[in-house]
Protein chains: 2
Amino acid sequence: MFDILLSDFDNSEHPLYLQIYKQFRDQILNGIIPSNTKLPSIRALQLQLNISKTPIETAYQMLSAEGFAYSKPRSGYYSVNMDEFNPFKKKKESNLLLNSFQYSDLSVEKKFSIDFNPAAVDKDMFPIRTWKRMLNNVLEDFSQSIGQYGDMLGEASLRKALADYLRNSRGVLCSPKQIVIGTGISYSISLLTKLVEGTNYIAFEEPGFEPVREQFLLNGYKLIPITVNRESFQFKLLEKSKAQMIYVTPSHQFPTGRVMPYAERKYLLNWADKQNAYIIEDDYDGEFRYLGQPIPSLQSIDQQGRVIYIGTFSKAFTPALRMNYMILPIEFMSKLQKMKHSLSCPSRIDQWAMQAFIEQGHWYRHIRRMRNKYKRKHHKLIECIQTVFEKKVEITGHNAGLHIQIIVKTKLNAKDLLKLAADKGVRVYDFHQMWMKPNESGYPQIYLGFAGISESEMEKGILLLKEAWGSILYE
Amino acid sequence: MFDILLSDFDNSEHPLYLQIYKQFRDQILNGIIPSNTKLPSIRALQLQLNISKTPIETAYQMLSAEGFAYSKPRSGYYSVNMDEFNPFKKKKESNLLLNSFQYSDLSVEKKFSIDFNPAAVDKDMFPIRTWKRMLNNVLEDFSQSIGQYGDMLGEASLRKALADYLRNSRGVLCSPKQIVIGTGISYSISLLTKLVEGTNYIAFEEPGFEPVREQFLLNGYKLIPITVNRESFQFKLLEKSKAQMIYVTPSHQFPTGRVMPYAERKYLLNWADKQNAYIIEDDYDGEFRYLGQPIPSLQSIDQQGRVIYIGTFSKAFTPALRMNYMILPIEFMSKLQKMKHSLSCPSRIDQWAMQAFIEQGHWYRHIRRMRNKYKRKHHKLIECIQTVFEKKVEITGHNAGLHIQIIVKTKLNAKDLLKLAADKGVRVYDFHQMWMKPNESGYPQIYLGFAGISESEMEKGILLLKEAWGSILYE
């Protein structure tokens with residue numbers, strides 16, 4: 001009945017026991033071996049195949065271990081009833097398609113025709129041809145290094161190119177040795193939690209970037225929310241607190257979009273000096289500023305090495321690359337040595353490609369193209385909203401970054417607004433998870449990203465929002 | 001004296017303050033502005049450039065913050081003495097070119113003509129052309145997804161392809177949902193430390209893989225060394241211990257090269273069942289077995305979900321890619337949900353490329369080629385050593401993996417042997433850091449990797465070792 005043939009065996013690929021295992025498993029799975037049927041004895045199979053006992057025993061043990069067969073004492077192995085067999089459905093399958101940004105509570109079932117996703121970037125701007133060329137070239141140029149591990153802090157040559165770029169374009173001054181190339185903000189924060197021993201209290205913008213907040217909480221830190229609103233950053237709360245570290249997004253506060261004024265930056269640095277505290281400056285979309293005088297980064301005006309600067313390639317290049325960087329005060333570098341085994345970093349091939357991309361000037365050109373494109377989209381979105389909604393919604397948190405905040409003058413709450421929009425196929429965001437303690441007073445705030453959608457979608461989307469919200473807005 | 005020209009300004013790329021800052025900085029750095037020279041007043045520059053005060057003030061503050069200029073009260077800004085200026089040499093530069101494997105204490109200055117590096121792989125075997133094709137294709141095929149974040153556990157399609165491969169080739173049975181794609185063993189271990197709350201004691205092979213041991217220690221775990229020698233794994237030590245988890249490398253113990261027998265594997269699984277403990281099975285070079293019957297992985301014979309299986313692309317493909325995977329028992333998956341913000345993963349582009357590489361059958365072909373190549377190198381190395389050293393060294397820890405252990409019959413210690421070899425330009429390894437408590441009794445053990453060097457180098461290397469050690473070996 002059982003068709004186990006040695007001639008099917010492919011010795012170079014699969015060990016013997018696996019081939020036996022596999023043939024039985026497949027025949028059980030396909031119903032060729034009916035359920036509760038006795039499998040050939042080990043001795044019988046041994047004679048049939050003319051091999052030793054061991055691989056057969058192993059195969060039977062595996063079949064049994066994996067639930068394809070069961071053994072009866074003093075009788076042998078039997079096939080299971082496949083109707084009852086499903087090893088992966090025993091426990092309820094949890095939805096593990098996690099995204100770094102899960103902005104909304106709206107059921108994923110919902111179909112959106114237009115999504116103002118603040119985490120998306122413009123896919124059509126990705127320089128496919130140039131990036132291909134970089135990858136192809138470095139695979140040849142670095143073929144002698146491809147068999148070896150690299151520097152776990154990141155390739156020295158990329159860190160050098162990055163230090164040059166940051167100095168020239170962002171006013172950030174550092175030695176390449178202070179740069180740690182990483183795989184994203186969560187990696188950087190994870191390293192930090194190991195570097196800043198003795199720190200218990202971390203001040204955090206309220207509202208603020210939830211993924212980082214959650215990571216701190218998961219690591220046992222106590223968080224002190226510091227309210228951010230359009231007018232100010234609540235320094236009084238900070239001064240009274242026990243905070244030994246603060247996480248801020250000064251270029252374009254996440255999510256409110258507020259830009260931290262120069263005076264506040266100086267104040268923050270003074271506070272850090274006085275308290276011997278550290279400032280984590282997450283400059284996630286610092287490349288994009290469309291109006292007004294740029295304000296120097298905290299890192300660039302820090303004289304005492306109190307600033308930990310984090311930047312990313314996810315916004316200006318692509319989130320698919322999973323590459324970011326962190327600039328640490330010099331004093332951390334010897335500590336990093338001791339935790340070298342906790343380091344991991346992106347593909348060396350990608351790092352080499354990024355280095356070539358920067359060194360050959362493509363990065364500067366790319367950033368300029370992105371900035372112009374996003375500037376146009378930013379202006380377009382604001383123009384659309386102003387034309388369509390007039391004074392019924394107020395735009396704030398604009399002039400920088402890849403999303404804006406609007407305040408909608410209605411008695412409904414943000415959740416209702418999202419629901420009404422969703423009914424028209426439009427996805428907007430309320431970012432309620434960015435608050436530790438949501439404040440329901442005042443008009444609801446809604447967030448719209450503009451990087452990932454086209455100008456015509458944008459226009460359609462805003463008109464649909466007008467249809468959705470038109471009747472519930474105050475004049 | 002100062003040549004600050006608005007015509008040099010490139011408005012699209014740099015903000016005004018940075019351009020001013022940069023021109024001054026460069027002139028100070030190049031000595032065009034001599035040291036201790038008063039810089040033009042803000043007012044004077046403002047009139048010269050016909051711009052507002054703010055960018056000039058910012059530029060001067062940056063120059064001062066970064067140590068290129070200093071201010072005298074009621075006088076203005078002055079250039080510093082550049083001979084004294086070197087912001088990065090203030091503290092002794094620490095050597096941060098970390099490798100995941102730093103096997104030896106030998107000074108890095110030393111030049112080695114032949115390096116039996118156990119961490120290297122065969123660079124000539126890397127399928128450059130095919131990998132290029134995969135990358136080029138996925139950049140086109142997935143261009144619609146390149147603007148978006150992916151699943152932080154890894155791309156669903158790669159996890160599916162990997163589950164198929166692991167089932168077919170390694171006997172590892174799992175759902176794609178149990179797979180977490182990562183950036184290396186340190187990432188996997190870092191995730192695990194967050195998943196296994198309440199675990200304090202971890203049993204660890206002695207000797208064992210130091211990077212993982214150090215990471216556990218850094219995270220505050222108490223480690224229980226379980227002696228591994230050629231004859232056995234000291235289960236008695238394990239039974240008496242409080243261990244709630246154990247880290248093992250059963251396919252080819254690191255570093256001794258011992259293969260854990262089937263009976264021991266069953267024993268270990270029983271222990272884990274009884275204790276409600278977990279087994280971390282690091283199958284780092286499990287693809288490579290050259291002689292004898294393969295033994296099923298712990299994961300494949302585990303019936304109770306006690307095994308956490310970790311595999312890597314670093315050995316069979318390239319360490320430059322920084323990609324590995326971990327298979328978790330189902331019960332961890334809901335916990336993982338809660339720590340989604342701690343997840344990071346390799347480039348989506350690389351993941352798509354690897355998926356295509358596996359699905360199109362290249363991976364299977366590649367593994368077969370690698371296995372044949374390494375088998376040849378492995379046999380060659382053993383033959384060389386036996387021919388050259390006869391009975392004066394004993395080869396152990398072979399038949400699998402990418403390195404062997406030899407026992408050198410001499411009264412010298414391992415360090416001396418490394419030194420003598422180094423004098424001939426040959427690098428071998430003593431792996432002393434793999435022991436928590438080094439045991440100096442018995443003949444010294446030396447480790448040689450064979451994946452990264454050619455057969456002719458191998459031959460030369462062994463002859464040089466004979467020259468280096470010949471006179472100090474026992475007959």
Side-chain angles (χ1 to χ4, degrees), chain A residues 12 15 18 54 58 62 65-66 88 91 94 96-100 120-121 123 126 128 132 135-136 139 146-149 151-153 171 173 175 177 183-184 186-187 211 214-215 218 293-294 296 300-301 303 318-322 330 333-334 337 339-342 344 347-350 368 452, chain B residues 12 15 18 54 58 62 65-66 88 91 94 96-100 119-121 123 126 128 132 135-136 139 146-149 151-153 171 173 175 177 183-184 186-187 211 214-215 218 293-294 296 300-301 303 318-322 330 333-334 339-342 344 347-350 368 452:
Chain A
S12 60
L18 259 181
T54 319
T58 307
M62 281 179 65
E66 285 150 9
F88 311 128
K91 306 212 172 183
S94 36
L96 279 161
L97 296 173
L98 306 174
N99 287 307
S100 131
V121 304
K123 65 180 177 353
F126 183 77
I128 293 191
K132 266 190 199 170
L135 286 172
N136 291 343
L139 279 170
I146 208 150
Q148 276 155 28
Y149 286 83
D151 186 330
M152 284 296 158
L153 290 177
L173 249 216
S175 154
K177 285 190 193 298
T183 51
S186 69
Y187 170 73
E214 285 304 309
Q215 213 183 337
L218 195 76
Q293 197 57 242
S300 69
I301 47 176
Q303 303 194 34
T318 166
L321 192 67
R322 310 288 327 128
I330 290 273
M333 302 322 281
S334 58
Q337 275 280 29
M339 33 182 288
K340 60 186 182 196
H341 296 315
S342 302
S344 66
S347 158
R348 297 184 79 184
I349 301 162
D350 290 343
R368 192 155 47 215
Chain B
S12 60
L18 259 181
T54 320
T58 308
M62 281 178 67
E66 286 150 7
F88 311 127
K91 305 211 173 185
S94 35
L96 279 161
L97 296 172
L98 305 174
N99 287 307
S100 135
V121 305
K123 65 182 177 350
F126 183 77
I128 292 190
K132 268 190 200 171
L135 285 171
N136 291 342
L139 279 170
I146 207 149
Q148 276 155 27
Y149 286 83
D151 186 330
M152 285 295 158
L153 291 176
L173 252 217
S175 154
K177 283 188 195 299
T183 51
S186 69
Y187 171 72
E214 286 302 310
Q215 213 183 337
L218 195 76
Q293 196 59 242
S300 69
I301 48 177
Q303 302 194 38
T318 164
L321 193 67
R322 310 290 325 132
I330 291 272
M333 301 322 280
S334 58
M339 33 183 286
K340 61 186 181 197
H341 296 315
S342 302
S344 66
S347 157
R348 297 183 80 184
I349 301 162
D350 290 343
R368 192 156 46 215

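Hydrogens, waters and symmetry mates play no part in the numbers below; they use all other heavy atoms, side chains included. Chain letters run A, B, ... following the sequence lines, proteins first and then strands; every chain starts at 1.
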Identify the two heavy atoms, one from [X] and one from [Y], that lie closest to each other, and give their separation to 0.1 Å.
X: B:Ser342; Y: A:Leu218; result: OG-CD2, 3.4 Å
X: B:Arg322; Y: A:Arg348; result: CG-N, 4.4 Å
X: B:Ala119; Y: A:Tyr149; result: O-CE1, 3.4 Å
X: B:Ala320; Y: A:Ile146; result: CB-O, 3.8 Å
X: A:Ala120; Y: B:Gln148; result: CB-CG, 4.5 Å

inquiry  = For B:Leu321, which atoms come within 4.5 Å of any heavy atom of chain A: side chain, backbone, both, or neither?
reply    =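 For B:Leu321, the contact with chain A is made by backbone and side chain together.
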ask   = Are side-chain heavy atoms of A:Ser186 and B:Ser344 found at a separation under 4.5 Å?
value =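 SC-SC contact between A:Ser186 and B:Ser344 confirmed.
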query = Contact part of A:Asn136 toward chain B, heavy-atom cut-off under 4.5 Å: side chain, backbone, both or neither?
reply =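 Both parts, heavy atoms under 4.5 Å.
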request  = Check whether A:Leu139 gets within reach of chain B through its side chain, its backbone, both or neither, counting any heavy atom under 4.5 Å.
outcome  =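 For A:Leu139, backbone and side chain are both near chain B.
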ask   = If you measure from CD on A:Glu214 to CE on B:Met339, what distance do you get to the nearest 0.5 Å?
value =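 Answer rounded to 0.5 Å: 12.5 Å.
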